Amino acid sequence: MTTERYNPRAVEPRWQKAWDEADLYKTETDAPGEKYYVLEMFPYPSGRIHMGHVRNYAMGDVVARYKRAKGFNVLHPMGWDAFGMPAENAAMQNKVHPAKWTYENIDTMRAQLKSMGLSLDWSREFATCDVDYYHRQQMLFLDMLEKGLAYRKKSKVNWDPVDMTVLANEQVIDGKGWRSGAEVESRELVQWFFKITDYAEDLLAALDQLPNWPDKVRLMQKNWIGKSEGLMVRWQLAAETAPADMSELTVFTTRPDTLFGASFLAVAADHPLAAKAAESDPALQAFIEECRRTGTSAEALETAEKKGYRTPIMAVHPFDPDWKLPVYVANFVLMEYGTGAIFGCPAHDQRDLDFARKYDLPVTPVVLPPKEDPTAFSIYSEAYDGEGTLYNSRFLDGMAPAEGFEAVAKRLEHTDLAGSPQGERKVNFRLRDWGVSRQRYWGCPIPVLHCESCGVVPEARENLPVKLPDDIDFEKPGNPLDRHPTWRQAKCPKCGGEARRETDTMDTFVDSSWYFARFTAPKADEPTDPQAANAWLPVDQYIGGIEHAILHLLYSRFFVRAMKACGHLDLDEPFKGLFTQGMVVHETYRDGREWVSPADVAITEAEGKRSAKRLSTGSEIAIGGIEKMSKSKKNVVDPDDIIASYGADTARWFMLSDSPPDRDVIWTEAGVEGAFRFVQRLWRVLGEAAPHVAGADAAAISDNEAAMALRKVAHRTAAGVAEDIERLGFNKAIARIHEFVNGLATHLAGLSADSDPSLKAAGHEALTILVKLIAPMMPHLAQECWQVLGHDGFVAAKGWPAIDESLLVDEEVTLPIQINGKKRGDLTVPAAASKADIEKAALESDVVQRALAGGEPKRLIVVPGRIVNVVV
RNA sequence: GCGGGCGUGGCGGAACCGGUAGACGCACGGCACUUAAAAUGCCGAGCCGCAAGGCGUGCGGGUUCGAGUCCCGCCGCCCGCACCA
């Protein structure tokens, strides 16, 4: 019989409509089943979805559908990370209002996502630019302000002169703005901050409680938080050399054990001591100016030579009043870290060594590496920072560095200097507070007022939301809210007098720091419904790009802590499981200097060499490297085109099949076609067998050998695919399904209406299992096949195949026989065979007999179920 | 510079605890069906060799009955951080 080709263009929209009408993917918090929250990072509504989205959402959808089949009550929502610069850029370039631009993009992208057939609960959808959402974000801000977690301070900021806004440190890449690419300048402004440093210790420690996160991401966060334990040491300044009112200098060090190797002190150019010393020293003033200039770009810092300026100031060594060290102002000391002052121990720190060599300072080794002769050991051009024994260090001599640390700390903690201890243990973090002020229009307004008489006043809760004005002018650069004729004018909620609105809006990372919580009760009046939040959170499986390994994930972890402190939820960590998927990459093509889109390229292959022609012009073009899909290189493939020609299932299947999900996947035309061929093959195999197995007598299922063989394959595949999906090994699950279908094609080849009833029953069962296995990945095809097999309802609402454990065990196993570790034959024995039985059988086998040639084996290794190795 | 990861056929990749290396897919070759092509089905294929056999998981060593997997030393590629005291 013939089966019509499967036509996704007709089938997919039909089932999407049916699922919609049945509210199939709508989630209720109190529905039965253990909760499971699967979430993919929500998209920025840039205009159209791209293949990266397809891959990300296909993965999440497989997990959601699989968990649903396993009986979980699954929450799988979707929304829009909708505030941000591109909307304003569009407004400036095309004179479209940011809101209109954004909501139109959302409409387009929602339709695209719907065409993918994702099992999302769309009733929970929101955009972060919805007044409803940012209203609650403003409530959170006020709560955080009250708890002291939001505050204002004057700070040096990274100013992006193109976007005319402030950037977080993390948004500055190589001294350039992450979005505009413009050289970032340094400016002083009063900014709003979130006190993420309050949680530095906890954010670090709790990383150990996240076993289902990639080690890589945990490590990146650990490095970012940058904890270091050290000692604050106060150095007395030699009175005759010190500037007036300055008698001491505090230094932070993680190596107090090397204190006897110190040969200089250095302070940052911005250090008060430097400023003081410069008052009477124009040359120093000039040096400080020079440091500030090179200090603006990170690039310059990298290449900048380590330079210092020797002040006349001398510091007194904490353990020897007669030992005085020079104080330098140095360009490599950062005011932002520690105390902005260091002591240099050249023998055991490369940077200090470089500095000491340049300025001819003493280099005294104080840590003797193991097995070195103390009289012979010296430092030349490389500092020694390894373990060893302290020497040249008076009371520390003979100690290990860690013991030396303790000894110095104890002694200085108990040494009095001007009425307080000279040393104090201190934990330092690299992490800084999160600057959230942005001088932009398209963001969540910070709900605060500036009153002439009351100062900075939070907006009253009943006055929220502070809505963005609709009438806005984008003709000029800078913050449009600043220029608005009336929006800024408001009444002070405290005194009722004239007040001025804060015109800063929040960093869009704030929006994405709690959306996962909002999804649990998207219509709640308060930011969350704590009951719903506590029921659903944490997110069991979060899936997204590695590019958010630090910022978004760290901010979200902070927000959960802040929200807990404010009573909005009771949760320690937002994301229990995290998975970072790889990118979608594609070959590049260029015609001279111009990039050419894959849609305009024809590849031919002759004698193993691939060459490319441009379709529109027929000209020969160059095949370039495989790179991340990007508009600039034109190596993009539009999901709409793929779905239109092959269907969503094919696109999803291919995205999941080729590469492990955490690695990059190469999009190739041949690959998609392969996926599409598989769709057709499966449809054909199933379609041809279906009429013969319809109405098979289920009771007869295990009656004959062929039927049992088929059942074994089916049940094993089901068990294997489940295991693969649990581990997010989608590529392996797919390989297994391929094998299954290959096997089915053979098993069911000669099937007819007259076939053995048990075989027909087993065939029906196997096909039903197959459909359930592909359902998470190819939901439309699965549903269509479900119907062909004569089943009712939606396969998406059915359970995972029940696995008959007895079918997973073999009666016989085939063991490889090795002679001297090389495989030389096979041995089939009963699965229950004892070690002795296997030994006997092995020794009797032809291969072993031949290898022994009448002699005795030197050794015989038998690992039941695994291997036999004969050493001769 | 520091930290992390990865090197397996022509390609993407399998191989879970040290136990049959190369599953599955792509590309390729052969055959069948066809007037022909496409589509489809079947078969083949790590490399060398007619074969027997030998060699094979970046390179060199080691542990082990047995190493892609563990250890040591190199080489190459990718990613993150980068004057952090």
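So you know, we letter chains A, B, ... as the sequences are listed, proteins then strands, and number each from 1. Keep in mind the model is a prediction, meaning the values are calculated, not measured.
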Any A:K822 side-chain N or O less than 4.0 Å from OP1/OP2 of B:C55: yes

Minimum-distance nucleotide to A:I861 side chain [options: B:A14, B:C24, B:G19]: B:G19

Touch class at under 4.0 angstrom, heavy-atom based, for A:Q818 against every strand present: base

Any A:R677 side-chain nitrogen or oxygen under 4.0 Å from OP1 or OP2 of B:C26: yes

A:Y359 and A:Y328 aromatic centres sub-6.0 Å: yes

A:F355 and A:F332 aromatic centres sub-6.0 Å: yes

Between B:C71 and B:U64 - C1' atom distance, rounded Å: 12 Å

Phosphate contact (B:A14 OP1 or OP2) by A:R736 side-chain N/O below 4.0 Å: no

Toward the 5' end of RNA chain B, by each residue's nearest nucleotide, A:R866 or A:R663: A:R663

Presence of A:N731 side-chain N/O under 4.0 Å of B:C24 phosphate oxygens OP1/OP2: no

Base-pairing mate for B:C74 - Watson-Crick or G-U, with both contacts under 3.5 Å: B:G58

P atoms of B:C43 and B:C24, separation to the nearest Å: 12 Å

Residues A:R425 and A:E229 bridged, charged N to O under 4.0 Å: no

Sugar-phosphate only, base, or nothing, as touched by A:K732 at under 4.0 Å among non-hydrogen atoms: sugar-phosphate

Lys NZ or Arg CZ of A:R430 over A:W224 ring: under 6.0 Å, within 45°: yes

Pairwise 5' ranking along RNA chain B for A:S659 and A:N742, keeping only the more 5' one: A:S659

